[in-house]
Amino acid sequence: MKIILLGAPGAGKGTQAKRLESDFGWPQISTGDLLRDAVSSKSELGLEAKFIMEQGNLVSNQLVLQIIEERISKDDMSSGFILDGFPRNVDQALDLELLLTNLEKIINKVIYLKVDHDILMKRLTGRRTCSLTGKLLNIYFSPKHEIDECINNRGKLIQRSDDNEKTIRKRLQVYNQETAPLIKFYKERKSLNIILADKEVDDVYADLLSSLEIN
Ligand code: AMP
């Protein structure tokens with residue numbers, strides 16, 4: 001199954017993609033994660049992306065397409081994949097169509113995870129990763145025992161450098177201007193499924209499986 005997950009930062013794309021990956025084996029391709037890896041390894045590409053990401057802006061289409069082309073051509077993509085954070089604007093969506101046509105692949109489902117602005121703010125400002133387990137947590141929403149488990153085992157709650165309030169506001173503004181038009185784009189192609197995603201992770205996942213016509 002080849003899936004595009006659309007939605008604002010904080011909509012839960014990463015969480016749901018990881019779950020699908022673990023249950024069905026379709027690799028999650030998160031351009032955000034791939035860019036953060038490039039930044040950590042201080043590659044040329046990473047150095048170019050670092051400042052732009054810290055500002056909450058979009059990295060150039062050319063750079064992102066380069067990453068996607070490289071990743072999508074790998075062997076583990078044959079059974080399917082989940083695109084998380086790509087495409088991020090209409091030009092990227094058109095580039096993706098061209099790339100997939102050349103590779104003789106098609107997208108089976110485009111799923112839009114819809115979440116209210118206020119909830120997005122709380123999800124993003126509260127988001128942390130446990131340094132020990134890599135588990136995604138939220139200081140507002142995660143059960144207290146999960147937060148305590150990390151801290152009591154001497155783990156640290158790490159906050160992404162672009163999850164501060166100023167950058168979050170910018171990222172949401174960029175989302176509204178650049179990415180939200182993709183909803184119309186895929187609606188016109190009659191391939192959009194909408195899921196109300198301001199619910200519990202398990203409930204969103206159940207709706208996602210129904211949209212994918214699994215179950
Ligand atoms: P994310 O982890 O998806 O929230 O992405 C974090 C940051 O990486 C974004 O704010 C952008 O700066 C950059 N980024 C991720 N995906 C893309 C993309 N498809 N196009 C341009 N920039 C991206």
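Residue numbers run from 1 in the order of the sequence given. Counting starts at 1 for both ligands and their atoms, following the listed order.
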**Q** Do Asp202 and Arg19 meet the salt-bridge criterion of a basic N to acidic O distance under 4.0 Å?
**A** yes

**Q** Which heavy atom of Pro87 sits nearest a heavy atom of Leu182, and at what distance?
**A** O-CD1, 3.3 Å

**Q** For atom 4 (O) of ligand 1, what's the nearest protein heavy atom and its distance?
**A** Arg160 NH2, 3.2 Å

**Q** For ligand 1, indicate whether the residue Arg36 contacts it via side chain, backbone, both or neither (heavy-atom separation under 4.0 Å).
**A** side chain

**Q** Please write down residue, atom name and distance for the protein heavy atom closest to atom 20 (N) of ligand 1.
**A** Gln92 NE2, 2.9 Å

**Q** Write out the residue and atom name of the closest protein heavy atom to atom 8 (O) of ligand 1, then the distance separating them to 0.1 Å.
**A** Met53 CE, 3.4 Å

**Q** For Asp33, is at least one N or O under 3.5 Å away from an N or O on ligand 1?
**A** no

**Q** Report yes or no: is the cationic atom of Arg189 (NZ for Lys, CZ for Arg) under 6.0 Å from the centre of the six-membered ring of Phe185, at an angle within 45° of the ring normal?
**A** yes

**Q** Can you figure out which of Ser30, Gly85, Ser60 has its heavy atom closest to atom 19 (N) of ligand 1?
**A** Gly85

**Q** Which of these passes side chain to side chain contact (heavy atoms under 4.5 Å, CB included) with Ile111: Ile4, Leu6, Leu212?
**A** Leu212

**Q** What do we get for Val59 next to ligand 1 when only non-hydrogen atoms under 4.0 Å count, side chain, backbone, both or neither?
**A** both

**Q** With nothing but distance in play, are any N or O atoms of Phe86 less than 3.5 Å from an N or O of ligand 1?
**A** no

**Q** Closest approach of Ser30 and Arg36, non-hydrogen atoms and distance?
**A** OG-NH2, 4.5 Å

**Q** Do you know which of Thr179, Asp95, Asn61 makes side chain to side chain donor-acceptor pair (under 3.5 Å) with Asn89?
**A** Asn61

**Q** Heavy-atom pairs closer than 4.0 Å: do any link ligand 1 to the side chain of Lys170, the backbone, both, or neither?
**A** neither

**Q** Looking only at non-hydrogen atoms, find the nearest pair between Ala17 and Gln28 and report the distance.
**A** CB-CG, 3.7 Å

**Q** May I ask you to list the atoms of ligand 1 that are less than 4.0 angstrom from any heavy atom of Arg171?
**A** 4 (O)

**Q** Before giving the answer on salt bridge (charged side-chain N to carboxylate O under 4.0 Å, His left out), spell out for Lys50 and Asp162 the whole-Å C-alpha distance, their side-chain angles and the decisive distance to 0.1 Å.
**A** CA-CA 10 Å; Lys50 186 174 189 290; Asp162 59 353; over 6 Å; no

**Q** Can you pull out the closest protein heavy atom to atom 3 (O) of ligand 1? Residue, atom name and distance to 0.1 Å, please.
**A** Arg88 NH1, 3.0 Å

**Q** Is Leu35 touching ligand 1 with its side chain, its backbone, both, or neither, if touching means heavy atoms under 4.0 Å apart?
**A** side chain

**Q** Please work out which of Leu34, Thr31, Asn57 has its closest non-hydrogen atom nearest to atom 11 (C) of ligand 1.
**A** Asn57

**Q** Nearest 0.5 Å please: distance from the CZ atom of Phe86 over to the CD1 atom of Ile68.
**A** 5.0 Å

